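Hydrogens, waters and symmetry mates play no part in the numbers below; they use all other heavy atoms, side chains included. From a predicted model like this one, the values you see are computed outputs, not experimental measurements.
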Amino acid sequence: MSSNPVAATVASLMPRAKEELTELVAFKSVADFGQFPREESEGAARWIAGALTAEGFEDVALLDTPDGTQSVYGHLPGPEGAKTVLLYAHYDVQPPLDESGWTTPPFELTERDGRWYGRGTADCKGGFIMHLLALRALKANGGVPVHVKVIVEGSEEQGTGGLERYAEEHPDLLTADTVVIGDAGNFRAGLPTVTSTLRGMTLVRVRIDTLEGNLHSGQFGGAAPDALAALVRVLDSLRAEDGTTTVDGLAGDSAWDGLQYDDGQFREDARVLDGVELIGAGTVADRIWARPAVTVLGIDCPPVVGATPSVQASARALISLRVPPGVDAAEATALLRAHLESHTPWGARVSTEQIGQGQAFRADTTGPAYRAMADAMAVAYPGQEMSRAGQGGSIPLCNTLASLYPKAEILLIGLSEPEARIHAMNESVSPDELERLSVAEALFLRNLASGAH
């Protein structure tokens with residue numbers, strides 16, 4: 001890439017990018033203010049607003065969204081009559097989980113074995129830095145040839161829908177001809193990829209009550225209904241013997257027709273222990289991109305350490321259901337809640353509560369923006385053609401934008417390739433991926449403006 005002026009500029013900017021990402025990662029911007037101070041998220045939002053202002057963006061604003069968080073907006077004017085491109089990222093991050101499981105502190109960017117480690121390096125603070133790099137490279141090589149809007153969300157990981165509702169209430173704010181969502185990733189490092197589908201999701205909390213209070217298991221166990229045992233049975237009903245998700249009334253036999261995922265490569269990427277089988281039926285791509293998948297995210301019950309010999313009076317669990325394209329998330333939520341209630345044994349009292357929800361997304365990959373991105377990626381990744389993959393995760397804003405702006409093309413790229421270990425301990429980003437994808441985005445904007453693709 002060194003013979004390409006844009007690529008050369010991006011390469012020269014990488015030390016600055018590392019410094020900026022280090023500063024941004026240092027904010028503990030988990031949008032769960034019961035766990036982390038609100039000031040951490042607000043500090044990250046102000047940092048991003050300052051970065052946009054320094055780049056010449058106009059109308060830079062901290063948007064107070066209905067879920068109590070802030071998204072950051074800015075507009076960079078381009079040539080008269082040029083197209084408008086919306087660039088998206090999010091600055092909120094997942095909790096670090098057990099900090100003792102991190103090799104280096106989660107909120108301190110640390111370079112190790114050619115990668116940059118820290119929470120949010122790939123998902124998705126690095127995505128914002130990618131946008132900055134692309135724009136800086138264009139400014140240094142003839143200017144940015146399109147109007148650019150940037151929106152950086154503050155609660156994407158929580159699924160609370162603040163930005164979606166804000167966008168619906170202010171439909172003119174994010175209007176664009178093309179949208180680049182910088183929150184996806186290559187199928188593997190070095191293989192340029194656009195994500196064409198996203199599974200939707202729903203979060204449901206279930207509670208089971210059986211007794212007025214805990215009872216001595218020796219005195220009452222065997223006849224007294226155990227709420228924790230009832231919950232275990234309910235959760236077990238959500239999977240077949242082979243691990244396939246089984247929610248009554250929810251279809252689970254769709255097939256993926258794009259890039260396939262080798263079983264052995266998946267085992268390596270997912271770090272499945274030797275001798276442990278993969279779950280479900282069909283191809284790996286079917287299972288993670290085209291079919292529903294249930295996950296028990298947490299259970300409220302006594303910890304092993306300090307447990308007493310008691311029959312439990314109540315128990316709770318938080319359940320995630322990933323919903324494939326073509327399935328309405330609201331309908332899936334209703335089916336999941338009905339399943340939980342109908343499979344509760346012994347007449348136990350059961351209640352369910354929806355916590356969050358987002359619709360699945362399927363992009364139209366036939367338009368000029370996809371051709372412009374394919375040409376750009378071919379330059380940024382010499383010898384590689386752009387691939388199309390799905391993603392099992394959810395980005396609820398995609399459907400909101402598709403609904404508000406049906407003529408806009410939406411592309412998903414980003415830094416979350418398998419080695420990034422997003423949402424897990426020791427999350428990291430490949431600086432090579434950051435560099436190449438920044439080049440690709442810059443060339444894409446130039447291609448889109450010129451129509452040369």
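Distance CH2/W47 to OH/Y91: 13.5 Å, rounded to 0.5 Å. Rounding to the nearest 0.5 angstrom, the gap separating the NE2 atom in H75 from the OG1 atom in T84 is 6.0 Å. Interatomic distance, T245 OG1 to L321 CG, rounded to the nearest 0.5 Å: 7.0 Å. The OH atom of Y117 sits 4.5 Å away from the CZ atom of R112 when rounded to the nearest 0.5 Å. Atom-to-atom distance recorded for L401:CG and I181:CD1 is 5.5 Å, nearest 0.5 angstrom.
The salt bridge (Lys or Arg N to Asp or Glu O under 4.0 Å) test with E427 singles out one residue from R119, R115, R421, K125, and that residue is R119.
A salt bridge is absent between D375 and R446; no separation between the charged side-chain nitrogens and carboxylate oxygens falls under 4.0 Å. Salt-bridge annotation for R436 and E417: absent, with no side-chain N of the basic residue lying under 4.0 Å from a carboxylate O of the acidic one.
Remark: H147 pairs with no residue by the ring pair (Phe, Tyr, Trp, His ring centres under 6.0 Å) rule, at least two apart or across chains.
Remark: the T69 side chain and the D92 side chain contain no N/O donor-acceptor pair separated by less than 3.5 Å. Between the side chains of Q354 and T202, no donor-acceptor pair is found at a separation under 3.5 Å. For the residue pair D67 / T65, a side-chain donor-acceptor distance below 3.5 Å is found, with atom types taken as modelled.
Taking each heavy atom of E409 and P368 in turn, the nearest pair found is OE2-CD, 3.1 Å. Here the shortest heavy-atom pairing between G120 and V93 reads CA-CG1, 3.7 Å. The two atoms that bring P292 and G252 nearest to each other are CD-CA, 3.8 Å, heavy atoms only. Summarising the geometry of T244 relative to G280, their closest heavy-atom pair is OG1-CA, 3.4 Å, with the distance given to 0.1 Å. Contact detail for G154 and A31: the closest heavy-atom pair is O-CB, 3.3 Å. Heavy-atom minimum distance, A11 versus E435: CB-OE2, 3.4 Å.
T110 places no side-chain N or O within 3.5 Å of a backbone atom of T104 that could act as its donor or acceptor partner. Side-chain N or O atoms of S254 include none that pairs as donor or acceptor with a backbone N or O of D286 at under 3.5 Å. Although no hydrogens or angles enter the test, the distance criterion places no donor-acceptor pair under 3.5 Å between the side chain of D248 and the main chain of A338. For the pair W256 (side chain) and L259 (backbone), a donor-acceptor distance under 3.5 Å is present. The main-chain N or O of R267 is never found under 3.5 Å from a side-chain atom of R271 such that the two would form a donor-acceptor pair. R38 places a side-chain N or O within 3.5 Å of a backbone atom of G68 that can act as its donor or acceptor partner. Side-chain atoms of S403 do not come within 3.5 Å of backbone N or O of N399 as any donor-acceptor pair. R199 contributes a side-chain N or O that, together with a main-chain N or O of R291, makes up a donor-acceptor pair within less than 3.5 Å. A donor-acceptor pair under 3.5 Å is absent between the side-chain atoms of T160 and the main chain of G162, judged by distance alone. Here the side chain of S155 pairs no donor or acceptor atom with the backbone of Q158 at under 3.5 angstrom.
Ring-centre distance between Y73 and F57: not below the 6.0 Å cut-off.
Side-chain contact between S71 and Y166 is absent, with no heavy-atom pair separated by less than 4.5 Å.
Here salt bridge (Lys or Arg N to Asp or Glu O under 4.0 Å) pairs that include residues 147-168, with residues two or more places apart or in two chains, number zero.
Heavy-atom contacts from other residues, nucleotides or ligands closer than 6.0 Å to CD of E385 number 12 or fewer. In this structure, E277 places its CD atom where only 12 or fewer heavy-atom neighbours from other residues, nucleotides or ligands lie under 6.0 Å away. Within a 6.0 Å sphere centred on CZ of R239, other residues, nucleotides and ligands contribute more than 12 heavy atoms.
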